[in-house]
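Some notes on the structure that comes next.
All of these numbers come straight from a predicted model, not from anything done at the bench.
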Amino acid sequence: QVQLVESGGGLVEAGGSLRLSCAASGRTFRSYVMGWFRQIPGKERQFVGGITYSGGSTQYADSVKGRFTISSDNAKNTVYLQMNSLKPEDTAVYYCASTRNSYIFRDSRVYDYWGQGTQVTVSS
C-alpha cells in the first residue's frame with residue numbers, strides 16, 4: 001500500500017510559478033513510476049507528466065512541455081512538479097499517482113494509487 005499526499009497548490013497570477021510536492025509513504029516506490037494528472041469539473045483526468053523512480057526518464061504533455069518540470073528526491077520519497085509561466089488554462093485540481101509499471105503511461109487507469117489532489121488556480 002502506498003499513500004500519496006500532494007501539497008503546494010494555490011492561487012497565482014498568469015505568468016507566475018508554483019511547485020507542487022507529492023510525498024509518498026507506506027511501501028517504497030522504488031519500482032514505481034510517478035505521474036502527475038490534472039482535472040477540471042466535468043472533464044476526464046488529464047496526463048501532465050511522469051517520472052521513473054531513477055529520475056532518468058520523464059515525459060510531459062505537449063500543453064506543459066517547456067513550462068513544467070518533474071523531479072524526484074528518493075531520499076525523501078517525494079516527487080515535485082515545478083510549474084512556470086502558468087496560464088489560466090492550467091487551472092485544475094492536480095493529482096499525483098503511482099504505478100508499479102516501469103513505463104510512463106499517460107492513461108490514468110494504469111495508476112494504482114492516488115493522492116487527494118491540490119487545487120491550482122491561475123488568474124488572468
On the ring face of Y80, is R19 found with NZ or CZ under 6.0 Å from the centre and within 45° of the axis?
yes
L18 vs V120, side-chain contact (heavy atoms from CB on, under 4.5 Å): CA-CA, chis, key distance, verdict
CA-CA 9 Å; L18 280 175; V120 171; 3.9 Å; yes
What's the spacing between Q46 CD and S108 OG if we round to 0.5 Å?
11.0 Å
Step by step, work out the side-chain contact (heavy atoms from CB on, under 4.5 Å) result for V48 and Y94.
CA-CA 9 Å; V48 174; Y94 283 71; 4.2 Å; yes
Do N74 and Y53 come close enough that some side-chain heavy atom pair is under 4.5 Å?
yes
Considering the options V122, T91, D90, which one meets the side-chain contact (heavy atoms from CB on, under 4.5 Å) requirement together with V12?
V122
Which distance, rounded to the nearest 0.5 Å, do you find between the OG1 of T99 and the CE of M34?
10.5 Å
Would you check, one step at a time, whether the test side-chain contact (heavy atoms from CB on, under 4.5 Å) holds for Y60 with I70?
CA-CA 9 Å; Y60 299 93; I70 297 174; 3.7 Å; yes
Evaluate the side-chain proximity of V2 to D112: yes if any heavy-atom separation is below 4.5 Å, no if none is.
no
Atom pair CZ/OG of R67 and S85 - distance to nearest 0.5 Å
7.0 Å
Please confirm whether the ring centroid of W114 lies under 6.0 Å from the ring centroid of F37.
yes
Going through the checks in order, is the side-chain contact (heavy atoms from CB on, under 4.5 Å) test met by N101 and Y111?
CA-CA 8 Å; N101 288 284; Y111 290 78; over 6 Å; no
Separation between CZ (R38) and CG (L20), nearest 0.5 Å, reads 11.0 Å
Just do the side-chain hydrogen bond (donor to acceptor under 3.5 Å, both in side chains) check on N84 and S17 with the steps written out, would you?
CA-CA 4 Å; N84 298 329; S17 298; 2.9 Å; yes
NZ or CZ of R45 within 45° of Y95 ring axis and under 6.0 Å
yes
Would you say the side chain of V79 lies within less than 4.5 Å of the side chain of W36, judging by non-hydrogen atoms?
yes
Would you give the length of the straight line joining atom CD of Q116 to atom SG of C96, rounded to the nearest 0.5 angstrom?
7.5 Å
Enter the distance from L81:CG to T69:OG1 here, rounded to the nearest 0.5 Å.
8.5 Å
